[in-house]
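Note that ligands are numbered from 1 as they come in the structure, with each ligand's atoms numbered from 1 the same way. Counting from 1, the numbers follow the sequence of the chain as shown.
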Amino acid sequence: MGLIVAIDRPLEEGLVERLCGVASGVKVGLPAVLRAGVEWARRAASSCRGLKVLDFKLADVAHVMEAIVEPFLGYYDAFIAHSFLGGPGALTELSRILEREGARLVLVASMSHPGSLEVYDKVSGLIEAVIDEVDPWGLVAPATRPRVIGRLRRRYPGKAILAPGVGAQGARPGTAVCAGADYEIVGRAIVDSPDPVKAALEIASEVEVARRGCGAEAG
Ligand code: BMP
């Protein structure tokens with residue numbers, strides 16, 4: 001339960017390790033890996049003692065998604081994919097591959113930006129049918145729309161909910177956890193601050209204070 005730092009650009013050597021010392025884990029994104037490379041992404045994961053999530057927002061047929069995740073298996077704990085792909089030929093196979101390798105699947109259930117209302121949130125019934133079918137370990141849901149988190153939490157009591165949108169996108173630390181999320185994902189508010197470790201500490205403590213205030217369970 002707590003804070004996951006989103007890393008979407010390469011960070012100086014040692015910073016991922018220090019951020020993992022104060023946060024619950026990291027989520028490494030495609031822009032960082034494109035710029036710094038696969039070896040950097042593996043080293044970053046190896047230096048982190050928390051939850052390591054690789055976020056390429058996978059959205060392809062099964063064999064291509066398998067080729068994308070393969071270099072990172074054994075380094076990352078969880079991999080994020082879009083849910084609109086459906087099961088057969090895509091998420092069903094990805095889920096099996098990850099399970100076989102001891103890794104977890106996280107599906108995007110809804111997104112934090114306003115455009116999520118145009119498609120993702122209009123078809124939430126279909127998205128939830130895919131989630132039921134594929135049965136991922138976790139879900140991504142928007143801190144910017146805590147009611148969506150609340151609905152998903154009631155429907156999926158056993159799944160991890162990871163909530164982006166805190167800080168730069170406007171949601172306040174603690175909002176998502178109080179709505180039922182397990183982790184709040186924070187990127188720019190931490191990595192672009194002059195002292196990222198201090199910023200992570202402050203945000204982690206704000207999340208914890210809010211959690212105690214609203215009585216949300218610690219995971
Ligand atoms: P930031 O805190 O800098 O806004 O970064 C948010 C992070 O969460 C980014 O890594 C982005 O890819 C991710 N994210 C998001 O912003 N909205 C979503 O709906 C899903 C995400 O994974």
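- Sorted by first and then second residue, the side chain to side chain donor-acceptor pair (under 3.5 Å) pairs involving residues 85-100 (not counting sequence neighbours) form an empty list.
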Below 3.5 Å, can you tabulate the donor-acceptor pairs from side chains in residues 74-81 to any protein atom, sequence neighbours excluded?
residue, atom, partner, partner atom, Å
Tyr76, OH, Ala41, O, 2.6
Asp77, OD2, Lys52, N, 2.7

Exercise for the section: Check the pair Gln169 / Thr144 against side-chain hydrogen bond (donor to acceptor under 3.5 Å, both in side chains), numbers first and verdict last. Expected result: CA-CA 7 Å; Gln169 295 182 48; Thr144 46; 5.5 Å; no
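- Sequence neighbours left out, not one pair with a member in residues 19-38 passes ring-ring contact (aromatic ring centres under 6.0 Å, His included).
- In plain terms, the two heavy atoms of Val207 and Val177 that are nearest each other are CG1-CG2, 3.9 Å.
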Exercise for the section: Take Tyr120 and His82 through the test side-chain hydrogen bond (donor to acceptor under 3.5 Å, both in side chains) and record every step on the way to the result. Expected result: CA-CA 10 Å; Tyr120 253 121; His82 273 297; 2.7 Å; yes
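- The protein residues lying under 4.0 angstrom from ligand 1, judged by non-hydrogen atoms, are Ala6, Asp8, Lys27, Asp55, Lys57, Met111, Ser112, Val140, Pro164, Val166, Gln169, Ile185, Val186, Gly187, Arg188.
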